[in-house]
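Starting from 1, each residue takes its place in the sequence as its number. Numbering of ligands and ligand atoms starts at 1, following listing order.
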Amino acid sequence: MKKSFLYFFALLALVSCGGEATAPQRGEDPARAANFDKTYPIVDSLLRVMTLDEKIGQLVLYTSDWDVTGPSIRDGYVDDIRAGKCGNIFNAYTAEYTRKLQEIAVNETRLGIPLLFGYDVIHGFRTIFPINLGISASWDPELIRQSARIAAREAAAAGLHWTYSPMCDICVEPRWGRISEGAGEDAFLGSAISRAMVYGYQGADLSDPMTIAACVKHFAAYGAPHAGRDYNTVDMSERWLREFYLPPYKAAVDAGAQTVMASFNEYDGTPATANAHLLTEILRDEWGFDGFVVSDYTGIMEMINHGTSKDLEEASIQALNAGNDMDMQSGGYDEFLKKAVEEGKISKKTLDEAVRRVLTVKARLGLFEDPFRYCSAEREAAETKTDANLLAARTLAEESCVLLKNHNNILPLKQGTSVAVIGPLADSADDLLGTWRGAGQVDGVKSLLDGIKEMAGSVTYAPGCDVEKEGQAGFSQAEYAARKASVTVMVLGEPCDWSGEAASRTSIKIPEVQSELLKRIAATGQPIVLVLMNGRPLDISEEVELADAVLEAWYPGTMGAEAVARLLFGEASPSGRLSVTFPRNLGQVPIYYYAKNTGRPYVHPGAKYESRYLDCENAPLFPFGYGLTYTTFSYGKPELSADSFGPKGSITAKATVTNTGSREGTEVVQLYLRDMVGSVTRPLKMLRGFERVTLAPGESRDVEFTITPEELSFWRKDMTFGPEAGEFRLFIAGDSSAEDFVTFTYNE
Ligand code: NOJ
């Protein structure tokens with residue numbers, strides 16, 4: 001029995017080597033996985049011999065008990081693997097453990113089909129980069145790609161084949177804790193980042209054992225829950241969905257992402273898990289996605305709670321028929337698909353297609369050639385937290401921090417200055433790693449306090465208070481420390497588990513006790529540098545007034561302490577720019593830069609019947625794209641290569657950017673467009689280009705952008721996608737509040 005199985009497996013392995021390449025059809029980018037469009041004879045061979053049970057097993061994904069990322073565990077998952085009932089495992093890693101499970105699948109099941117191992121490698125695996133909202137503030141897709149590359153190498157060396165990343169959910173809702181996992185509010189920036197992450201994970205060849213498959217999530221519109229409460233209802237027009245929410249998912253699919261995760265929420269009354277419009281019409285028919293779709297954690301079972309399935313059996317049938325190929329953790333496919341196929345509620349063709357997609361991804365990963373190619377203990381040791389990985393993490397952490405205020409150029413501090421470090425988060429290394437920290441360990445990670453100690457002269461630390469518990473007993477000691485030092489660095493914000501999954505808040509302020517502490521220290525009149533740690537845009541209106549400088553550090557990762565210290569003491573200069581608007585208060589939410597003009601824009605100060613608030617101005621505290629550094633920049637008026645262009649043409653827009661200060665610095669030059677008249681209303685600004693530019697003091701550079709019909713395109717009145725003739729305004733500036741523009745015309 002065993003012998004014949006081995007022979008069969010060897011035979012399959014043999015046919016698999018001759019994978020036929022078909023001509024690439026989409027995406028010419030050289031970084032896109034080369035074998036994305038390959039088909040594999042082994043998949044057909046397997047489909048011919050697999051029993052119904054074996055096929056269903058390939059559509060089942062269970063968590064191991066190695067790690068827990070959801071509400072349930074399936075105790076018998078090892079027996080399920082052995083019985084061929086579970087072809088995919090998540091939350092299991094290390095070369096040793098994945099090898100152990102893989103041996104069961106390969107040696108103890110009839111066909112020996114290898115397991116696929118998935119995990120949430122979200123902003124690093126062992127070397128933890130800043131949280132994704134922080135990463136996006138770097139506006140540096142190339143460095144982001146490298147961070148994903150590093151994450152892939154570390155994860156692949158620990159036996160993993162598949163990451164549940166990139167998270168492509170656009171979000172304008174700071175109450176939602178998962179805003180920390182995405183790239184902010186904008187579809188253009190979000191697309192650049194999701195594309196970069198897919199290239200980083202999947203590399204140029206998915207069968208290279210240093211690469212892992214990406215998973216585009218959470219499809220779709222999970223970032224728009226009503227009232228910011230996680231898992232809550234989503235409702236938006238198809239037009240809004242397509243224009244402002246879908247592009248980053250599509251960019252990731254176009255980049256070759258192998259898998260997509262359906263989101264927990266409903267869209268247009270149907271849970272995404274069984275939403276054929278999303279999973280089949282848009283994803284496969286329109287976008288040509290040929291990988292597989294996986295549900296989110298118990299997403300299929302949750303359709304009973306949504307109220308669109310009477311039981312798990314019905315939910316499972318609805319999900320598979322809608323295009324959801326793999327069941328994460330509900331157990332419904334395992335339990336009910338056989339009966340459903342036998343009763344004709346699911347066609348053999350639908351089942352086979354789903355199985356084919358899963359097996360094809362396994363083939364693309366090279367698992368049929370060598371199921372153990374990812375399980376190498378030596379490689380695991382060699383790849384983990386190397387010096388190069390840590391340096392990349394430090395650089396990305398530096399680029400992620402956003403300098404929001406720097407009154408009187410209090411920053412950078414002089415090395416050797418006496419510093420009071422105050423605030424309960426200052427000595428927490430753990431919080432630096434943020435939510436979804438993969439297999440990141442806190443051992444060896446420095447706290448911000450440790451980092452500051454390495455650069456300051458004398459340092460006195462006083463936490464002052466607890467992170468959230470009321471109690472001012474430590475205030476006096478903190479005040480004393482502040483009075484004694486030349487400058488106070490206060491580290492305030494949210495503990496890291498206040499963002500991420502199931503971490504919504506109704507307040508977006510820092511905990512009151514910390515705010516009170518800041519007031520008390522500010523009353524001393526001593527200079528204050530406020531370092532913020534948080535996973536969402538916060539209402540920091542009061543805090544910004546009280547501090548002399550404010551550095552938004554998010555949760556900066558394994559090398560966060562070193563990075564923040566280098567920024568504070570001028571070894572590096574801040575270059576991050578907000579990827580999400582910071583409101584003045586929660587009442588302004590949702591607030592985003594691509595607002596529309598409305599019929600009554602607020603243009604006459606004090607006017608009653610215009611779109612405004614009685615108790616707050618319309619403008620945010622800090623706009624999208626905003627951030628300071630230790631020098632200043634000026635912009636010349638943009639010059640256009642022509643005043644107009646048509647369908648086959650393009651124009652270039654050029655602006656001279658000058659470093660007007662006395663230090664080298666990096667500016668993120670941003671291009672925005674406004675379509676003045678459309679068949680449907682258009683946003684006041686749309687980001688359509690950006691470039692990071694580093695200039696020496698006094699240096700000028702011409703920054704150039706090309707505008708083609710694509711940059712002007714949108715979902716027109718008739719729901720076709722394309723540009724419309726007319727006048728456009730073009731802005732080139734350092735953030736989205738820019739007012740100076742030049743105009744051009746697009747002719748049909
Ligand atoms: C639920 C989360 O929504 C998703 O992002 C994650 O990938 C899965 N759990 C697996 O852990």
Does Asp53 pair with Lys338 as a salt bridge, N-O distance under 4.0 Å?
-> yes
Taking it one step at a time, do Arg195 and Asp254 satisfy side chain to side chain contact (heavy atoms under 4.5 Å, CB included)?
-> CA-CA 8 Å; Arg195 194 182 296 128; Asp254 287 346; over 6 Å; no
Can you label the angle between the Phe292 ring and the Trp162 ring as parallel, tilted or perpendicular, going by 30° and 60°?
-> perpendicular
Taking only heavy atoms of Lys217, which atoms of ligand 1 are found under 4.0 Å from at least one of them?
-> 4 (C), 5 (O), 6 (C), 7 (O)
Does at least one non-hydrogen atom of Tyr119 fall below 4.0 angstrom from an atom of ligand 1?
-> no
Nitrogen or oxygen atoms of Arg178 and ligand 1 under 3.5 Å apart | yes
Would you check whether Glu181 reaches within less than 4.0 Å of ligand 1, judged by its heavy atoms?
-> no
Under-4.0 Å heavy-atom contact with ligand 1, by part of Met167 that carries it | neither
Sort and list the pairs that fulfil ring pair (Phe, Tyr, Trp, His ring centres under 6.0 Å) and have at least one residue in residues 310-333, not counting sequence neighbours.
-> none
State whether the shortest distance between N or O atoms of Thr69 and N or O atoms of ligand 1 falls below 3.5 angstrom.
-> yes
of all protein heavy atoms, closest to atom 10 (C) of ligand 1 is Asp120 OD2, 3.2 Å
Relative to Trp436, does Lys217 satisfy both conditions: NZ or CZ under 6.0 angstrom from the six-membered ring centre, and within 45 degrees of the ring's axis?
-> yes
Should His218 be listed as contacting ligand 1, given a heavy-atom distance under 4.0 Å as the test?
-> yes
side-chain hydrogen bond (donor to acceptor under 3.5 Å, both in side chains) filter on Tyr97, not counting sequence neighbours, yields Tyr77
Check the pair Gln58 / Glu54 against side chain to side chain donor-acceptor pair (under 3.5 Å), numbers first and verdict last.
-> CA-CA 7 Å; Gln58 290 304 307; Glu54 284 164 342; over 6 Å; no
What protein heavy atom sits nearest atom 8 (C) of ligand 1, and how far off is it?
-> Asp296 OD1, 3.3 Å
Just heavy atoms, cut-off under 4.0 Å: does Gln329 contact ligand 1 by side chain, backbone, both, or neither?
-> neither
